[in-house]
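In what follows, every chain begins at residue 1, and chains take the letters A, B, ... in the order their sequences are listed.
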Amino acid sequence: MLTLQILREQTLTVIDGLKKRNLKDAELLVGQILENDKLRRETQGTLDTLKAKLNVDSKKIGELMKGGKADEATALRTAVAADKDKIKILEESLNDFEKRQLDLLYKIPNVPAPIVPSGKSAEDNINVHQHGDTPQLLPDALPHWELIKKYDIIDFDLGIKISGAGFPVYKGKGARLQRALINFFLNEAGNAGYKEMQPPIVVNEASGYGTGQLPDKEGQMYFVNEDGLYLIPTAEVPITNLYRDVILNEEELPIKNVGYTPCFRREAGSWGAHVRGLNRLHQFDKVEIVQVSKPEDSDRILEEMCLHVQGLLEKLELPYRKLLLCGGDMGFNSAITYDMEVFSAAQQRWLEVSSVSNFGTFQANRLKLRYKTQEGKMQLLHTLNGSALALPRIVASLLENNQTPEGIRIPKVLVPYTGFEIIN
RNA sequence: GGAAGGAUGCCAGAGUGGUUGAAUGGGACGGUCUCGAAAACCGUUGUCCGACAUGUCGGACCGAGGGUUCGAAUCCCUCUCCUUCCGCCA
């Protein structure tokens, strides 16, 4: 969430930024917060003055009691009672202002960075980079949902039997390919200086709030009611929350972590004709890179993370494009997001396989993730993350793009991981 | 699942209801000493909110939330978490 400081000091910038997201009531919301903030501060002022008086009087009563002046003490005691009533009322009112402040802050998305274009939907995203030729397939080329049946490597029906739709079973070389990709991605990140982490894949409520899945997005996560735990929609949640309520030393920065986890998404109401096969699943595998950096470094680091992801796609010989998301298509928490999309030849579609984002202080503010500057000042850090990479759509495009009459060719870089060169 | 104990500052660890934001020790930082270091000695060691002011003043914070009281780290209630033992088990 945005800090009050930003809202107070950069009000117009915030409103302009929010308009890029097509947030309807930007002025209204910001105005409500500032008004509430003003009232909150006034209330606290009078409350603090009263409390200061109470503290002095209490001390005085103590001294009177000690000095054996019980009468005077009793008199003062009755005088204090009136103040206590006032304090109680003011405290309630202060609580209300604080609660309302939080409610309002939760409603406001992050302010898009200056380079983010305004726009309503994916139509308005900007293609900033494209790499690789889209492959020409034979006329009898198959989409991946046919290929996985033909070679018996991913089985949706078995998944339906034991779990439900959107929970495929990977078999034989299909399972092996999954494992190969995960290892490849983890090793590449390790070589790039990321520390490998293996976090839990269920998280508590506080973690959901920390990275911004809660409130409001409960419906997208699986919830274990009995224990109050959420199945993670991405490794971003546990890995970023490792740094909740943490004060880092400047020398530790930037933090670079990578983790592989399964990811769970309910995807309520988002099923349609274009989500066949591996395009959208309830459970999928993903390797995620997460960084925590000083504010002045995060722009550079975002680029670095993008290049890492692009490098992976190039090594896998997949044609891809890099999009700068417009305000209307960005996630709630993000200040800048680049999406990487690979071309899936048989579907003739671009598939999003990675989303690399800089959150600025938006998550850090909720997480209370800070560091102490050399001048000894507490400062919120910046958080960033990106998929590197999400498996299912990578698999879809690998299968489709590399199909030949003899079988599906495995990219050279993966062969040491799979142990085979072709799926046939 | 059963039983018991606990939660205090960066860590360890005190704390009779009334200058306790909190003893003491350790660590870290600064200084003295030294060619340098160690040791020793001296000093510093919070966060959040607010008000005027780039410093001061006020308020809050001893797991969380309530309560009792003129006054709560200290008493009472609820919740959360942790540890240990037993049971079950990968």
Side-chain angles (χ1 to χ4, degrees), chain A residues 1-9 33-105 198 200-210 214-215 223-230 238 241-253 255 262 361 363-381:
Chain A
M1 70 191 168
L2 296 177
T3 62
L4 275 174
Q5 194 191 5
I6 289 176
L7 282 160
R8 290 202 286 240
E9 293 173 5
I33 285 189
L34 292 179
E35 173 65 14
N36 188 73
D37 179 49
K38 190 171 151 240
L39 294 170
R40 192 198 97 241
R41 285 146 79 187
E42 287 169 6
T43 306
Q44 192 183 333
T46 33
L47 178 60
D48 284 356
T49 313
L50 265 179
K51 278 186 167 177
K53 182 166 176 286
L54 184 71
N55 285 341
V56 170
D57 287 345
S58 294
K59 210 165 281 182
K60 211 177 284 173
I61 290 175
E63 283 158 14
L64 289 171
M65 297 292 281
K66 217 176 279 177
K69 298 172 182 167
D71 290 352
E72 288 179 47
T74 315
L76 192 50
R77 223 177 270 180
T78 22
V80 152
D83 288 339
K84 283 191 67 181
D85 290 342
K86 283 188 213 156
I87 285 173
K88 184 140 199 167
I89 291 165
L90 283 167
E91 268 177 344
E92 276 164 16
S93 141
L94 183 63
N95 277 341
D96 289 345
F97 286 128
E98 281 171 351
K99 193 174 169 298
R100 180 167 157 79
Q101 172 177 305
L102 205 55
D103 286 346
L104 288 166
L105 285 173
Q198 212 174 90
I201 60 171
V202 294
V203 294
N204 56 29
E205 190 179 46
S207 296
Y209 277 92
L214 298 176
F223 182 57
V224 184
N225 190 46
E226 188 113 20
D227 302 287
L229 296 170
Y230 295 86
N241 270 282
L242 297 174
Y243 302 94
R244 173 152 46 83
D245 292 318
V246 166
I247 297 167
L248 290 165
N249 296 316
E250 191 168 0
E251 311 86 65
E252 300 175 83
L253 297 165
I255 301 275
T361 59
Q363 287 182 327
N365 188 31
R366 287 199 185 185
L367 294 162
K368 298 197 179 65
L369 167 55
R370 296 165 294 173
Y371 83 111
K372 199 173 253 186
T373 64
Q374 282 169 341
E375 299 83 54
K377 275 185 64 179
M378 283 295 174
Q379 190 134 63
L380 288 172
L381 288 161

[atom1] atoms of [N] and [M], separation to the nearest Å:
N     : M     : atom1 : answer
B:U47 : B:A39 : C1'   : 35 Å
B:G43 : B:U54 : P     : 31 Å
B:U74 : B:A22 : C1'   : 12 Å
B:A40 : B:G21 : C1'   : 30 Å
B:G9  : B:G63 : C1'   : 14 Å
B:G65 : B:U8  : P     : 16 Å
B:C33 : B:U19 : P     : 40 Å
B:U20 : B:U69 : P     : 25 Å

When the distance from [atom1] of [X] to [atom2] of [N] is rounded to whole Å, what number comes out?
X        : N     : atom1 : atom2 : answer
A:Gln5   : B:G50 : CD    : C1'   : 15 Å
A:Lys38  : B:A51 : NZ    : P     : 12 Å
A:Phe97  : B:G50 : CZ    : P     : 14 Å
A:Glu42  : B:A51 : CD    : P     : 9 Å
A:Ile61  : B:G17 : CD1   : C1'   : 14 Å
A:Asp37  : B:G50 : CG    : P     : 7 Å
A:Leu94  : B:A60 : CG    : P     : 12 Å
A:Gln101 : B:G50 : CD    : P     : 9 Å

In plain terms, say whether [X] and [Y] are close enough for a salt bridge, that is, a side-chain N and a carboxylate O under 4.0 Å apart.
X       : Y        : result
A:Asp37 : A:Arg40  : yes
A:Asp96 : A:Arg100 : no
A:Lys51 : A:Glu91  : yes

**Report entry** A:Gly62 or A:Gly45, whichever maps to the more 5' nucleotide of RNA chain B
**Finding:**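 Its nearest nucleotide being more 5', the pick is A:Gly62.
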**Report entry** Short side-chain N/O contact from A:Asn55 to OP1 or OP2 of B:A60, under 4.0 Å
**Finding:** yes
Requested in this report: With the side chain counted from C-beta on, respond yes when A:Tyr371 and A:Leu253 share a heavy-atom pair under 4.5 Å apart, and no when they do not.
Outcome: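 Yes. Closest side-chain heavy atoms under 4.5 Å.
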Query raised in the report: In this structure, are over 12 heavy atoms from other groups packed under 6.0 Å from A:Gln5 atom CD?
Result: no
What does the list of N/O pairs under 3.5 Å between the protein and nucleotides 47-49 of chain B look like, with a distance for each?
from	atom 1	to	atom 2	distance (Å)
B:U47	O3'	A:Arg370	NH1	3.1
B:C48	OP1	A:Arg370	NH1	3.0
B:C49	O3'	A:Arg40	NH2	2.8
B:C49	O2'	A:Gln44	OE1	2.3
B:C49	O2'	A:Gln44	NE2	3.2
B:C49	O2	A:Gln44	NE2	2.9

Query - Footprint string (nucleotides 61-69 of chain B, 5' to 3'): B base within contact, S backbone only, - free, heavy atoms under 4.0 Å - result: ------S--
Requested in this report: Quick one: the dot-bracket string of RNA chain B, using Watson-Crick and G-U wobble pairs with both distances under 3.5 Å, [ ] for crossing pairs and | for bases paired to another strand.
Outcome: ((((((((.[[[..)..(.....]]]((((((.......))))))(((((((..))))))).[[[[[..)....]]]]])))))))....
